[in-house]
Amino acid sequence: MKMHLINGGVKEIEAASISALEALEELHVAGLERVVAVKINGELKDLSARVDSDVSLEPVFLDSVDGLEIMRHSTSHVMAEAVKELFPGVKVTIGPAIENGFYYDFDYERPFKEEDLPRIEEKMKEIINADLPFERREMTSREAITLFQREGENYKIEIIEDLGEERVSVYTQGSFTDLCRGPHLPSTGKIKAFRLTKTAGAYWRGDEKRPMLSRIYGVAFADPKTLKKHLQKIEEAKKRDHVRLGKELDLFSTHEEIGSGMIVWHPKGCMLRHILEDFEIQEHLRRGYEIVKGPLLLKTELWQRSGHYDNYRENMYFTEIDEQSYGIKPMNCLAHMLIYNSKMRSYRDLPKRYFELGLVHRHERSGVLHGLMRVREFTQDDAHIICTPDQLDGEIKGVLEFVRDVMEIFQFEYELEISTRPEKSIGSEEDWNRATDALKKALDDHHMPYQINEGDGAFYGPKIDVKLRDALEREWQCATIQCDFTMPERFDLSYVDKDGQKHRPVMIHRVILGAVERFIGVLIEHYAGAFPTWLSPVQAILLTVTDRNIPYGEKVLKSLKEGGIRADGDFRNEKLGLKVREAQLQKIPYMLIIGDKEQEQKGLTPRLRTGENLPFMTEKDFIDLIHEELRQRR
RNA sequence: GCCACCGUAGCUCAGUCGGUAGAGCACCUCACUCGUAAUGAGGAUGUCUGCGGUUCGAUUCCGCACGGUGGCUCCA
């Protein structure tokens with residue numbers, strides 16, 4: 001038979017069938033000890049897989065993307081074996097490889113705790129040191145069910161039954177056999193670096209009505225050095241945590257006595273919000289939006305009419321005024337529709353683009369709250385575009401471009417998803433398809449790649465979601481563009497077309513930043529608190545060298561403020577070194593040194609937070625410098 | 001909401017195997033008037049998150065509540 005090595009030689013051998021490992025040896029693959037699997041005709045296989053016809057082979061090295069995933073998956077099997085040895089009676093469920101590591105979900109008489117992890121790690125090391133081979137076996141589903149019945153592994157049986165395959169494969173290493181598609185490492189000794197990181201509860205099959213299992217997470221890398229680097233990176237990322245920086249930079253706080261999910265904005269944080277909101281207003285006006293504002297409380301009857309009462313009630317707060325039930329708005333759309341309906345609309349008026357920095361309240365379940373990222377009271381940069389069906393595509397494109405431009409200003413990388421119809425929803429199948437297609441088309445036309453998120457749409461329509469990542473690489477939904485054919489129907493929105501007849505407009509719900517709170521959370525982590533000048537709550541701080549520089553410092557401060565600079569002064573009787581240090585820790589872009597030299601020559605000496613000094617300059621030059629940065633949004 | 005962990009001075013944290021607590025920074029006072037990441041000396045600071053229970057005695061053990069963190073589910 002003839003074997004072809006990808007990016008290598010061709011070799012013909014006599015034998016009719018050999019293992020992939022033997023084949024790679026025949027082909028003199030370098031670094032064979034680091035090979036953990038093989039691609040046979042492009043398909044990932046175990047090294048023990050048989051090679052018995054003319055094939056192309058490609059070794060998979062431990063430190064490749066595929067190699068790491070295989071190793072991480074194998075590590076989860078090793079963990080399952082360790083847990084089964086240490087905790088008799090435990091049942092295994094699923095244990096996949098994930099980004100940087102793996103997890104395994106167990107069903108045990110009690111949940112696992114952090115303190116169980118060292119013991120499990122020890123046991124895993126024993127298994128790894130024993131260098132046990134992973135052995136693959138194929139069998140019929142019936143045989144596999146019998147096998148797992150003997151082991152009392154009813155979750156595995158459920159998986160096999162749901163698979164509905166004729167044959168399945170199982171892998172055994174040491175005392176542990178698991179249902180698994182594979183491939184796996186040749187043996188446990190190939191695992192070079194792992195760490196169990198945390199425990200967590202997780203519902204069986206992600207369904208909160210089913211049992212809560214006990215999940216153990218781990219990370220695993222090709223070598224101890226990379227593992228250490230990864231753990232250090234996480235420690236570094238924690239220094240960028242927005243809750244921590246929010247406190248250090250005096251931006252916001254939360255209070256037990258106020259309640260969960262409510263943010264208190266301090267002067268600097270509030271300034272940051274104000275800058276963003278002001279930016280948003282300018283950008284919206286520029287793009288043909290009109291600013292509107294609706295009330296916080298609206299009668300419950302109206303929420304019934306919109307469908308929110310049936311579909312979103314558990315997230316809403318209600319109250320009673322004069323024996324009349326009211327709901328606090330969780331979304332801003334209702335008032336916008338009433339504005340539209342306040343008079344007759346012609347096709348000539350469309351599209352209407354109503355923009356509101358809308359304060360909403362949502363009763364988020366206590367366990368999901370998280371710093372600024374997930375709160376119960378937040379402000380959306382919300383808009384509703386009401387347009388003719390013909391205008392829909394163009395409007396979606398316009399919003400997409402808006403999102404793209406804004407993300408570029410902040411230099412965010414983002415991921416796009418389309419979410420389709422959820423179970424709990426209103427509207428006809430036809431409208432849903434039409435709306436979903438419009439969203440897809442807009443993304444395709446812009447050549448923007450996206451994922452499909454089945455069943456994750458809003459109850460009234462499908463949506464495009466834009467996701468940003470925080471310091472720990474967790475994804476947060478920010479911008480969203482949602483198509484809606486239903487609300488216009490329910491509120492009987494109409495416009496008079498050229499034909500003199502009333503027609504039904506379409507509505508787009510959309511946000512760009514999403515929630516101002518969440519966006520600021522992501523923004524803090526993105527810049528690690530060192531905001532560009534245009535966003536910095538304090539752009540420059542004056543640092544006097546001695547007390548005799550104070551009067552001059554005050555004069556400079558006054559003219560900088562009059563020049564539109566967000567300036568502050570540190571006129572304390574302290575050493576310059578201390579003032580520099582504190583301004584540095586506050587991550588203020590410019591420290592302006594005011595000493596005798598500056599006083600005599602009538603100017604200032606800026607020090608950047610990078611440590612670099614700019615040459616001595618006049619107040620006016622400095623003001624111009626800042627304004628140039630503002631213009632460029634830097 | 002579910003699972004795990006956590007809550008000690010304004011902040012970061014130590015401590016008490018049950019006998020009512022400490023450090024650094026910050027704060028206040030005094031001296032120093034100083035040129036690019038911490039000047040020195042002195043001082044004050046706590047219902048040990050809250051409410052119950054066990055106990056002669058609880059910050060420490062137990063339960064509940066409140067708040068936070070990491071996940072699951074849900075979501076901007």
Side-chain angles (χ1 to χ4, degrees), chain A residues 103 105 110-117 197-217 238 241 243-244 247-248 250 253-261 312 314-315 330-331 358 360 362-375 378-382 419 422 456 458 463 465-468 472 474 476-480 482 509-519 521-522 543-550 573-585 591-598 605-609 611-613:
Chain A
Y103 68 78
D105 286 347
R110 63 157 176 92
F112 292 115
K113 302 179 206 158
E114 219 101 304
E115 61 194 49
D116 295 323
L117 299 186
T197 51
K198 58 199 175 193
T199 59
Y203 300 107
W204 170 233
R205 304 226 139 160
D207 183 344
E208 64 182 335
K209 290 178 196 73
R210 307 194 69 175
M212 163 113 353
L213 306 170
S214 187
R215 174 173 298 180
I216 301 176
Y217 281 95
K238 284 183 185 160
D241 172 34
V243 177
R244 177 181 173 151
K247 192 177 281 176
E248 287 173 6
D250 198 14
S253 57
T254 55
H255 301 264
E256 197 173 322
E257 50 275 58
I258 285 178
S260 283
Y312 206 73
E314 58 278 19
N315 284 297
M331 300 185 193
V360 297
R362 296 184 185 176
H363 180 248
E364 300 293 344
R365 297 206 276 179
S366 60
V368 307
L369 299 173
H370 176 83
L372 291 182
M373 305 294 199
R374 193 79 184 268
V375 291
F378 55 99
T379 300
Q380 292 182 302
D381 61 332
D382 204 0
S419 295
D456 212 27
K463 54 181 188 165
D465 288 331
V466 179
K467 304 209 165 177
L468 305 180
L472 289 170
R474 289 176 295 207
W476 295 99
Q477 185 183 312
C478 289
T480 177
Q482 311 176 343
H509 309 240
R510 46 104 287 180
V511 291
I512 306 293
L513 305 184
V516 173
E517 286 74 4
R518 175 177 291 180
F519 191 79
V522 179
L543 309 181
T544 46
V545 177
T546 80
D547 281 357
R548 62 178 173 277
N549 305 128
I550 293 176
N573 176 17
E574 292 289 353
K575 290 199 160 181
L576 184 59
L578 180 89
K579 297 186 185 187
V580 167
R581 178 185 151 80
E582 290 187 357
Q584 196 77 42
L585 291 173
M591 288 157 243
L592 307 178
I593 313 298
I594 304 290
D596 291 343
K597 187 185 122 193
E598 286 75 13
T605 310
R607 178 195 205 269
L608 307 181
R609 57 190 159 188
E612 186 194 342
N613 263 5

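Residue numbers begin at 1 in each chain, while the letters A, B, ... track the order of the sequences.
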**Student:** Between A:Arg215 and A:Ala202, is there a donor-acceptor pair closer than 3.5 Å when you use the side chain of the first and the backbone of the second?
**Tutor:** no
**Student:** Starting at the 5' end of RNA chain B, which residue's closest nucleotide do you reach first, A:His363 or A:Ser260?
**Tutor:**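 This one resolves to A:His363.
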**Student:** Quick check: on RNA chain B, is the nucleotide nearest A:Gln482 upstream (toward 5') of the one nearest A:Val545, or the reverse? Name the residue that is more 5'.
**Tutor:**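 Here A:Val545 is the residue nearer the 5' end.
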**Student:** I'd like to know if A:Asp596 pairs up with A:Arg548 as an ion pair, taking the criterion as any Lys NZ or Arg NE/NH1/NH2 lying under 4.0 Å from an Asp or Glu carboxylate oxygen.
**Tutor:** yes
**Student:** Which of these nucleotides, B:G71, B:A37, B:A76, is closest to any side-chain atom of A:Val375?
**Tutor:** B:A76
**Student:** Salt bridge between A:Lys463 and A:Asp465, side-chain N to carboxylate O under 4.0 Å?
**Tutor:**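 Salt bridge between A:Lys463 and A:Asp465, a charged N being under 4.0 Å from a carboxylate O: yes.
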**Student:** Is any side-chain nitrogen or oxygen of A:Arg244 closer than 4.0 Å to OP1 or OP2 of B:C11?
**Tutor:** no
**Student:** Would you please confirm or rule out a distance under 4.0 Å between OP1 or OP2 of B:C74 and any side-chain N or O of A:Arg362?
**Tutor:** no
**Student:** A:Val375 versus A:Glu364: any side-chain heavy-atom pair under 4.5 Å?
**Tutor:** no
**Student:** Nearest of B:C74, B:A37, B:G67 to any side-chain atom of A:Arg581?
**Tutor:** B:A37
**Student:** So if I take every side-chain heavy atom of A:Lys247 and compare against B:C34, B:G1, B:U12, which nucleotide ends up nearest?
**Tutor:**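 Out of B:C34, B:G1, B:U12, the nucleotide with an atom closest to A:Lys247's side chain is B:U12.
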**Student:** Can you tell me, in whole Å, how much space there is between the C1' of B:C66 and that of B:G52?
**Tutor:** 14 Å
**Student:** So does A:His255 get a side-chain nitrogen or oxygen closer than 4.0 Å to the phosphate oxygens (OP1/OP2) of B:G67?
**Tutor:**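 The answer is no; no side-chain N or O of A:His255 sits under 4.0 Å from OP1 or OP2.
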**Student:** Would you sketch RNA chain B in dot-bracket for me? Only Watson-Crick or G-U wobble pairs with both distances under 3.5 Å count, crossing pairs as [ ], other-strand pairs as |, the rest as dots.
**Tutor:** (((((((..((((.....[..)))).(((((.......))))).....(((((..]....))))))))))))....
**Student:** Distances under 3.5 Å between protein N/O atoms and the N/O atoms of nucleotides 2-7 of chain B, please, pair by pair.
**Tutor:**
unit_1, atom_1, unit_2, atom_2, d
B:C3, O2, A:Gly201, N, 3.2

